[in-house]
Amino acid sequence: MDQAEIDAFWRDTQIRGQLNPAGAYLGRTVDEALPPPAWSFGPDQRGADELLALVLAGTKTATSSARHEYEEEGEDLPTPGMLAILMDGAEHPRALIRTTAVQVVRFDMVSPEHAWAEGEGNRTLEHWRREHHAFFADPSGAVDPGMLVVLERFVVLALGPRRSRLGVRQDA
């Protein structure tokens, strides 16, 4: 991950994302103080690029993760208003997103609406459960239906430059 590239992306998207349209009058805001975390969806480069494409197309507006992962990593749950820099599979920053809603529910209580918002496959709850069963399974291959899942909704605030398959910047 190239920190200089992320910092440049952050400076640019603060303006594009209109994080502080009255900055000349009010000074810096909390949103501008530090770059948000940068990460990608998916377990590998291919998955990151596929899921990013769904975000960029406006199809993917939600994600989910296992609650226990936050505890194991000592991380706080996401909260509405949080910002993140979404990376592609080659670790280039591509979008600035803001969390709009967070809900913690049991695996077996995830709604069809959330499955649709995740935008993957045929967007059905059955597809979501099948794919996430594989993702959330314990070493024995089982998923406890009562396992807590963090459901997160987000919006794209700004996009970074497009990149060719070779990683070359192509400004739109």
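All figures in this text were calculated on a predicted structure; none of them were measured in a lab.
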Query raised in the report: Could you give the distance from CH2 (W116) to OG1 (T59), rounded to the nearest 0.5 Å?
Result: 9.0 Å
Report summary line: Between G119 and L54 the two heavy atoms that sit nearest each other are O-CD1, 3.5 Å
Query raised in the report: Any idea which heavy atoms bring L86 and S40 closest together, and the distance?
Result: CD1-CA, 4.1 Å
Query - side-chain hydrogen bond (donor to acceptor under 3.5 Å, both in side chains) partners of residues 48-57, not counting sequence neighbours, each pair once - result: R46-E50
Query raised in the report: Are the charged groups of E126 and R130 less than 4.0 angstrom apart, N to O?
Result: no
**Report entry** Closest non-hydrogen atom pair, A48 against G89
**Finding:** CB-CA, 3.8 Å
Requested in this report: Over all heavy atoms of both residues, which pair between A38 and M87 is shortest? Give the atoms and the distance, please.
Outcome: CB-SD, 3.8 Å
Requested in this report: Kindly indicate whether the side chain of L77, heavy atoms from C-beta on, has any atom under 4.5 Å from the side chain of R67.
Outcome: yes
Query raised in the report: Under 3.5 Å, is there a donor-acceptor pair between the E152 and T63 side chains?
Result: no
**Report entry** Those residues that, when tested against V155, pass side chain to side chain contact (heavy atoms under 4.5 Å, CB included) (two or more places apart)
**Finding:** R98, T100, L157
Report task. Examine distances only and state if a side-chain atom of H127 and a backbone atom of R123 form a donor-acceptor pair shorter than 3.5 Å. Result -> no
Report task. Might you work through the side chain to side chain contact (heavy atoms under 4.5 Å, CB included) test for L151 and V102, ending with a clear yes or no? Result -> CA-CA 6 Å; L151 307 180; V102 177; over 6 Å; no
Query raised in the report: For the side chain of E118 and the backbone of K60, is there at least one donor-acceptor N/O pair under 3.5 Å apart?
Result: no
Requested in this report: Under the side chain to side chain contact (heavy atoms under 4.5 Å, CB included) rule, what do T79 and T99 come out as? Steps first, then yes or no, please.
Outcome: CA-CA 7 Å; T79 57; T99 300; over 6 Å; no
Query raised in the report: Can you name the nearest heavy-atom pair linking L51 to G42, along with the distance?
Result: CD1-N, 3.6 Å
Query raised in the report: Is there side-chain contact between R153 and T61, with at least one heavy-atom pair below 4.5 Å?
Result: yes
Query raised in the report: Any idea how H132 and F136 line up, ring-wise: parallel (<30°), tilted (30 to 60°), or perpendicular (>60°)?
Result: tilted
Requested in this report: May I ask you to check whether F135 and W128 place their ring centers less than 6.0 Å from one another?
Outcome: no
**Report entry** Heavy-atom pair of closest approach, residues P93 and I6
**Finding:** CG-CA, 4.2 Å
